[in-house]
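Data block below; observations after.
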Protein chains: 2
Amino acid sequence: MSVDQAAKREIPDATVARLPGYLRALGQLTAQDVLSVSSEELAHSAGVSSAKLRKDLSHLGSYGVRGVGYDVAHLTYQISRALGLTHDWPVLIVGMGNLGRALASYGGFATKGFKVVALLDRDPTLVGQQLDDLRVQPMTELESLVTPGEACIGVIATPAGSAQEVADRLVAAGVSSILNFAATAIQVPEGVHMRKVDLSTELQILAFHEQQRSGGMTDDLLEGAG
Amino acid sequence: MSVDQAAKREIPDATVARLPGYLRALGQLTAQDVLSVSSEELAHSAGVSSAKLRKDLSHLGSYGVRGVGYDVAHLTYQISRALGLTHDWPVLIVGMGNLGRALASYGGFATKGFKVVALLDRDPTLVGQQLDDLRVQPMTELESLVTPGEACIGVIATPAGSAQEVADRLVAAGVSSILNFAATAIQVPEGVHMRKVDLSTELQILAFHEQQRSGGMTDDLLEGAG
DNA sequence: TCCTGTGAAAGGTTTCACAGCT
DNA sequence: AGCTGTGAAACCTTTCACAGGA
């Protein structure tokens with residue numbers, strides 16, 4: 001078994017979170033037939049500093065050429081490999097409301113290393129409907145759709161009230177990676193990876209900064225009343 | 001000028017990012033008529049450690065009671081105030097594809113400190129359509145919808161190819177907070193706050209960890225050397 | 001000369017553990 | 001006793017600045 005430079009284990013979380021951005025920027029360069037890119041240029045299109053980019057890439061191995069830059073195709077491959085995107089991952093979407101349908105018909109999956117394999121909903125009026133080339137299935141099918149041993153990513157796009165129950169069933173069925181779009185925190189056992197995407201949260205963070213900008217003058221009045 | 005405990009500016013970014021989660025957990029407690037909560041309980045429902053919660057809240061001021069816990073209503077108010085949610089922020093959504101429509105009809109806005117005030121799309125066949133109580137307007141209206149001086153949050157839900165152009169127009173019109181759902185990085189001038197939400201990125205991060213799980217056995221060889 | 005890769009320094013975040021108040 | 005608020009320690013991330021290879 002060869003020990004090559006990329007075998008360096010333990011890529012920092014902050015780095016992993018940025019690799020998809022680099023991959024996307026590299027994709028745009030590939031589309032423009034650019035063959036080679038410097039850390040400065042790539043960092044700029046990904047919206048980070050060049051020092052950060054170089055440090056991030058150094059955790060994957062030494063894939064650049066000093067004095068020249070990075071080979072776009074080779075770096076694309078190395079990042080894809082680091083992220084585990086050399087084969088497609090099956091994705092199962094639960095909840096076919098407005099958001100679930102938007103996610104299901106989002107084309108970006110196929111090219112990005114994922115394939116939606118099943119759509120589920122509790123509502124009998126939605127079950128059976130065709131979305132692109134998939135048919136919405138009832139919740140009772142959930143357990144039969146997850147092949148134990150074969151990894152699969154579960155996406156929760158249900159109302160907040162059902163999210164925990166759906167998560168529990170996904171976990172029980174053997175899903176160990178969950179992406180939660182429901183507007184609630186869900187609890188998962190240790191060992192299950194859960195990420196949350198939430199519109200309200202993002203808007204509230206923006207509101208905070210917007211408020212900081214316009215100054216705390218209204219706040220000062222309130223402080224007095226304490 | 002009064003200097004009380006809450007006057008401490010500079011709430012750490014990591015804390016700001018978690019405040020919405022605490023607010024949501026408090027909302028659930030309020031709905032259950034719970035009047036008081038300990039850091040342990042609140043932290044658990046928000047999915048963080050109690051030490052982290054207490055440290056976070058300490059940046060806002062001392063709103064707990066030692067030996068007792070936090071008053072749910074009062075803490076809700078203080079966090080809302082810290083985030084700038086004591087009044088509603090106007091939100092403008094650009095791009096009425098599947099995702100834009102899902103965002104527009106997402107009810108969670110109103111109760112969370114935001115109000116969608118305008119929907120825009122480039123496609124003439126979408127312009128004029130009614131979504132809830134708003135009518136989709138043409139892109140030419142963008143500049144007239146942003147009142148200079150009055151803060152407003154712009155949401156980009158267009159295809160990747162139009163995102164940068166839309167961002168440029170929003171910024172030129174005076175929008176200084178942007179939430180980008182398009183699958184591309186966009187550049188904004190210094191002083192404009194931009195946050196990005198992206199499905200592919202989240203799935204790719206999950207894929208990385210899923211791969212680590214199943215591929216971890218090769219790592220054992222390296223451990224031996226340590 | 002050019003640009004990558006990387007130690008070292010600086011900065012930020014989380015956890016610990018306990019002082020201090022009810 | 002019970003629980004918050006907080007220094008200090010541990011840990012993680014970013015930035016700096018330059019050694020080193022093309």
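Quick caveat: nothing in here was measured; it's all calculated off a predicted structure. So that the names make sense, note that chain A is the first sequence line, chain B the second, and so on, each numbered from 1.
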Q: Look at the side chain of A:D13 and decide which nucleotide, out of D:dT13, C:dG7, D:dT4, has an atom nearest to it.
A: D:dT13
Q: Please report, rounded to the nearest Å, how far the P atom of C:dT13 is from the CG atom of B:L19.
A: 13 Å
Q: Would you kindly give the OH-to-P distance between B:Y63 and D:dT6, to the nearest whole Å?
A: 12 Å
Q: On the 0 to 90° scale, with breaks at 30° and 60°, tag the B:H87-B:W89 ring pair as parallel, tilted or perpendicular.
A: tilted
Q) Using a cut-off of 4.0 Å on non-hydrogen atoms, how would the nucleic acid contact of B:S49 be classed: base, sugar-phosphate, or nothing? A) sugar-phosphate
(Q) Judged by each residue's nearest nucleotide on DNA chain D, which is more toward the 5′ side, A:P12 or A:A51? (A) A:P12
Q) Between B:E41 (CD) and D:dC3 (C1'), how many Å, whole number? A) 11 Å
Q.
Tell me the interatomic distance from A:D71, atom CG, to C:dC3, atom P, rounded to whole angstroms.
A. 17 Å
Q. Where the side chain of A:R66 is defined as all heavy atoms beyond and including C-beta, which of C:dT14, D:dG20, D:dT14 is the nearest nucleotide?
A. D:dG20
Q | Whole-Å gap separating C1' (C:dT13) and CG (B:L53) | A | 15 Å
Q | d(NZ, B:K52; P, D:dT6) in whole Å | A | 19 Å
**Q.** Whole-Å distance separating the CG atom of B:L57 from the C1' atom of D:dT6
**A.** 13 Å
Q) Do we see a donor-acceptor contact under 3.5 Å between the side chains of B:N98 and A:Y106? A) no
Q.
Among C:dT14, C:dT4, D:dT14, which nucleotide has an atom closest to any side-chain atom of B:A14?
A. C:dT14
Q) Do B:V197 and B:N180 touch side chain to side chain, with heavy atoms closer than 4.5 Å? A) no
Q. Of the nucleotides C:dT14, C:dT4, D:dG5, which one has an atom closest to the side chain of B:R54?
A. D:dG5
Q: Specify whether B:H209 and A:H193 have parallel, tilted or perpendicular ring planes, treating 30° as the upper limit for parallel and 60° as the lower limit for perpendicular.
A: parallel
Q. Do the side-chain N or O atoms of B:S39 get closer than 4.0 angstrom to the phosphate oxygens (OP1, OP2) of D:dC3?
A. no
Q.
Counting only side-chain heavy atoms from C-beta out, which of C:dT13, D:dT13, D:dG5 sits nearest to B:Y70?
A. D:dG5
Q | Spacing of B:K55 atom NZ relative to D:dC11 atom C1', expressed in whole Å | A | 14 Å
Q | pair A:T76-A:L23: side-chain heavy atoms closer than 4.5 Å | A | yes
